[in-house]
*Asks:* 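Supplied in structure tokens, the structure appears directly below.
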Amino acid sequence: MIAKVIVDISNSEVDKIFDYSIPSDFELAVGDRVLVPFGSRSIEGFCIKITDCSEGNYKLKDIIKKLDDKPLIKKEMLALSDFMKEKFYLRYVDTLRLFIPSKLRGNKVKALQREFCTLSSSDTELLKSRISPRAKSQLAIIDRLAGGGEYLTVLNTEFSPSVINSLVEKGIITKSKQEVLRKPIGEIDKNINKVTLTETQNKAISIIKNSDKRVVLLHGVTGSGKTEVYMSLIEDALIKGKTAIALVPEISLTPQILRVFRSRFGDDIAMLHSGLSDGERYDEWRRIYDGDAKIVVGARSAIFAPLENLGVIIIDEEHDSSYISESNPRFRTLEVAEFRAKYNDCKVILGSATPSVESYNNARLCKFGLSEMSNRISKNGMPEIKIIDMAQELRTGNFSVFSNELKEKLKETINNGNQAMLFINRRGYASYMQCKSCGYIAKCTDCDIALTYHKEDNMLKCHYCGKRFKPLDICPNCHSDSIKQGKIGTEKVASELQTLLGSSVKILRMDNDTTTTKTAYLDILGAFRRGEAQVLVGTQMIVKGHDFPNVTLVGVLDADMSLYFSDYRSCERTYQLITQVSGRAGRKDKLGEVIIQTYSPKHYLFNFVKNYDYKGFFDKELNTRQVTNFPPFTTIVRILVTNEVEEKSLNCTKKIYDLLKELRVEYGKEFVYMQAMKSPINKIQNKYRYQIVIRIKRKFEDEILGKIYNIVDNNKQGNSVFVEINPQNMS
């Protein structure tokens, strides 16, 4: 028998099927990990097919051995690998690696075993008779273990190791190795009971269940009870003997939704995301693989959980850009979910208060089903939104980052025993440091980006490669000591807020700098939920999904920041961010208020935001996209070329561009736009970046994309070249 094997080397030159003979002394199955001879080395690989004959004309080598007791890659995942390889233009091996914990490759992670102590006999009186009545500790240990045993590490905290060893030597205690599952940190909210669904929730569930569409968009305002709808759909799947996947966009949301889900479903839940330790991820993955967990909650990577017989896939906050992978391997989570849903004959539920324009358009065109929840569960309704003109604040002499109204509302909120959240989508203390005399700006040596000043560390940091530099005291260009700081971030906001409110007010900050430790998310969110702090300042991490009953005030600082980016999605993203963070206020029994600070109060966007008019915003945005030929009316293709030698990157880009011009002639008006250029950030991690941006109509999209992939594949010239479809970040 012949095994078709993909060797575990991420290189396009060897990313193809190799044939190996299967030795007669062991059984092999499709999906097995194997060790195979490859050149002068022994390499891990994946068996993707078994046949009777070889198509190669070379002498076959024998597989050295199987690496696991059972196939780690299930048949559905092998089918998914084929789909992703073709759809996203990926290497075979890069898709297969997605399906197992990374540290399992190379056997870098194993099951955790600990010594377990039990009594050698169930007759405790007989055992006690072998011990002196004065040996109180030994007698106590026997009583302690009479209930069924205990781990040695636990016993050592209660009794002297010498006493335990004495009982082992007497044959009274028996030690054995037992596996311990490393479970992610989490809590169960004992106050959460199964609620009675509202009429609106029941109607939403009915529409979803009865829809004839594979994908259904659940458009529900913040606080409308979408999570209860999700849990009801999952419960229905479990009753039918099926399984479920629930995805959230941020790791910070995973503990919260896990807390709620565990309260309902107990140990049927497993968690998968990048914040887990290698051991935790391995153990959670095995629980899923073995069928011990029926529900998987996690971020983007959880879509590859090895669940069988899926009954529903839920993608919460479906509009979030994190669901699109923009590093190798590049893929779009929704399309992976659609494949798995079709394979298992189940539905994909997309939930959001602010759906992406593409998703809502698909619902309008009846490509997706649509279920809507227009009101909050709480009787108070949506919080009132006030738009503050910061230019007017300056004219009246207020040069603070906080408007006068926000200052008053913050003090009022805290005096009333309530909590506030402040959002600014920029971390650090200042976005840059600049010489006032000559205009010099401190930039990263490896990236074409300004360095951000972090006051706590007294460092300039690159937010792309992580390099650190000393802050500017004297300009290295003109030697002036006249240095100014750029726009403020979360660190400076928290500092100025502390000055404003006084030292007695506890302020928490949540951004990439304060969440570097494993438990940071839980610690910060838990402390805020328990009322140990009055104000939470944060970036996008605090925007989505969080439910804090005592938050009555939300402030949005520098709301214009993402509004004028050179990206066709800038208005959409600004609307989504502001609406989502506004939804954190007044979620339970208390009235909520939202204050949005902007220098462009007359921008049409803020009128839609203030009135919670998503449909009005959608109509305006869709019309703009149609007039300007942007998605969903066209498809954007970005070809990104990188190399440490700028000339090589440039020459490769020119070569591909010249070949694409011939393709453009062939398809004429199907090409709406095509241009080669430097990437907006020309250098990241010492690699120079050039790009070709194309917009094509959708009539011949698949045909044109196939030819673009072929041109790129044959003309890389030693560069790293990636093709991105509708990229989320054009910089």
Side-chain angles (χ1 to χ4, degrees), residues 31 33 67-74 77 97-118 144-145 147-158 173-190 234 238 242-248 251 253-299 301-310 517-523 526:
R33 279 196 319 142
L67 294 173
D68 310 287
D69 295 333
K70 49 195 172 186
L72 295 191
I73 300 180
K74 298 184 177 183
M77 296 296 104
R97 286 178 175 180
L98 290 167
F99 306 145
I100 60 174
S102 61
K103 295 298 181 180
L104 185 55
R105 296 167 35 236
N107 294 321
K108 296 171 185 173
V109 63
K110 295 180 181 178
L112 176 64
Q113 292 190 327
R114 289 180 179 167
E115 284 192 299
F116 194 76
C117 297
T118 54
R144 176 74 170 75
L145 296 180
E150 185 57 88
Y151 288 106
L152 179 61
T153 52
V154 176
L155 281 183
N156 282 333
T157 63
E158 301 174 13
I173 287 180
T174 301
K175 289 182 180 179
S176 62
K177 293 282 188 179
Q178 284 201 8
E179 182 180 348
V180 180
L181 287 176
R182 291 157 286 204
K183 283 195 174 184
I185 296 171
E187 55 181 311
I188 294 178
D189 193 333
K190 296 179 181 178
I234 290 171
L238 294 183
K242 295 178 180 292
T243 60
I245 293 175
L247 303 182
V248 292
I251 295 174
L253 291 179
T254 314
Q256 175 167 305
I257 199 167
L258 187 73
R259 178 174 59 88
V260 176
F261 274 40
R262 269 188 179 155
S263 302
R264 175 76 64 88
F265 302 112
D267 288 335
D268 277 342
I269 299 278
M271 183 163 64
L272 287 179
H273 60 70
S274 60
L276 303 182
S277 70
D278 295 330
E280 288 171 342
R281 189 174 184 85
Y282 173 61
D283 286 351
E284 288 289 88
W285 184 88
R286 284 192 303 143
R287 287 181 62 226
I288 300 163
Y289 180 96
D290 293 335
D292 294 332
K294 306 296 183 186
I295 306 163
V296 175
V297 175
S301 62
I303 192 61
F304 302 112
L307 287 170
E308 294 182 325
N309 197 22
L310 278 168
T517 62
K518 183 179 176 180
T519 63
Y521 294 102
L522 281 173
D523 294 341

*Asks:* Which residues pass the side chain to side chain contact (heavy atoms under 4.5 Å, CB included) test with L112, not counting sequence neighbours?
*Replies:* R114, V180, R182
*Asks:* side-chain hydrogen bond (donor to acceptor under 3.5 Å, both in side chains) with K74: which residues, sequence neighbours excluded?
*Replies:*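 For K74 there are no side-chain hydrogen bond (donor to acceptor under 3.5 Å, both in side chains) partners, ignoring immediate neighbours.
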*Asks:* To the closest 0.5 Å, what do you measure between CG (L247) and CG (L272)?
*Replies:* 10.0 Å
*Asks:* If you round to the nearest 0.5 Å, how far is OG1 of T153 from CD of E158?
*Replies:*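 Spacing of CD (E158) from OG1 (T153) equals 10.0 Å.
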*Asks:* Working to the nearest 0.5 angstrom, can you tell me the gap between T174 OG1 and F116 CZ?
*Replies:*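 Those atoms lie 11.5 Å apart.
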*Asks:* To the nearest 0.5 Å, what is the distance between CG (L307) and CE (M77)?
*Replies:* 8.5 Å
*Asks:* Listed by chain and number, what are the salt bridge (Lys or Arg N to Asp or Glu O under 4.0 Å) partners of R105, not counting sequence neighbours?
*Replies:*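 R105: salt bridge (Lys or Arg N to Asp or Glu O under 4.0 Å) contacts with D8.
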*Asks:* Can you sort out the partners of N156 under side-chain hydrogen bond (donor to acceptor under 3.5 Å, both in side chains), two or more places apart, ordered by chain and number?
*Replies:* none
*Asks:* List the steps, then state whether side chain to side chain contact (heavy atoms under 4.5 Å, CB included) holds for K177 with E115.
*Replies:* CA-CA 5 Å; K177 293 282 188 179; E115 284 192 299; 4.0 Å; yes
*Asks:* Can you list everything that forms a side chain to side chain contact (heavy atoms under 4.5 Å, CB included) with D68? Sequence neighbours excluded, please.
*Replies:* R33, L72
*Asks:* Quick one: list whatever passes salt bridge (Lys or Arg N to Asp or Glu O under 4.0 Å) with E150, sequence neighbours left out.
*Replies:* R144
*Asks:* What closest approach, in Å, do L145 and C117 show between heavy atoms, and which atom pair accounts for it?
*Replies:* CD2-O, 3.8 Å
*Asks:* Output all residues satisfying salt bridge (Lys or Arg N to Asp or Glu O under 4.0 Å) with K294, sequence neighbours left out; order by chain, then residue number.
*Replies:*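 K294 satisfies salt bridge (Lys or Arg N to Asp or Glu O under 4.0 Å) with no other residue.
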*Asks:* Compile the donor-acceptor pairs under 3.5 Å between side chains in residues 286-293 and protein atoms, sequence neighbours left out, one pair per line.
*Replies:*
{"from": "R286", "atom 1": "NH1", "to": "E179", "atom 2": "OE2", "distance (Å)": "3.1"}
{"from": "R286", "atom 1": "NH2", "to": "E179", "atom 2": "OE2", "distance (Å)": "2.2"}
{"from": "R286", "atom 1": "NH2", "to": "D283", "atom 2": "OD1", "distance (Å)": "2.9"}
{"from": "R287", "atom 1": "NH1", "to": "I269", "atom 2": "O", "distance (Å)": "3.2"}
{"from": "R287", "atom 1": "NH1", "to": "E284", "atom 2": "OE1", "distance (Å)": "2.9"}
{"from": "R287", "atom 1": "NH2", "to": "D267", "atom 2": "O", "distance (Å)": "2.6"}
{"from": "R287", "atom 1": "NH2", "to": "I269", "atom 2": "O", "distance (Å)": "3.3"}
{"from": "Y289", "atom 1": "OH", "to": "P71", "atom 2": "O", "distance (Å)": "2.2"}
{"from": "D290", "atom 1": "OD1", "to": "K70", "atom 2": "NZ", "distance (Å)": "2.9"}

*Asks:* For F304, what residues pass the ring-ring contact (aromatic ring centres under 6.0 Å, His included) criterion, not counting sequence neighbours?
*Replies:*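 F304: ring-ring contact (aromatic ring centres under 6.0 Å, His included) contacts with F99, F331.
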*Asks:* Report the distance from atom CG of L104 to atom CH2 of W285, rounding to the nearest 0.5 Å.
*Replies:* 6.0 Å
*Asks:* Side chain of S277, backbone of E280: donor and acceptor closer than 3.5 Å?
*Replies:*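 Answer holds: yes.
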*Asks:* Got a sec, which residues hit side chain to side chain contact (heavy atoms under 4.5 Å, CB included) with S301, two or more places apart in sequence or on another chain?
*Replies:* R281
*Asks:* Can you name the nearest heavy-atom pair linking A305 to I245, along with the distance?
*Replies:*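 Shortest heavy-atom contact: CB-CD1, 4.5 Å.
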*Asks:* Of all residues at least two apart in sequence or in a different chain, which pass the side chain to side chain contact (heavy atoms under 4.5 Å, CB included) check with K110?
*Replies:*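 Testing K110 for side chain to side chain contact (heavy atoms under 4.5 Å, CB included), a comparison that skips the adjacent residues, returns none.
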*Asks:* Under the 3.5 angstrom rule, does the side chain of T118 hit a backbone N or O of G149 as a donor-acceptor pair?
*Replies:* no
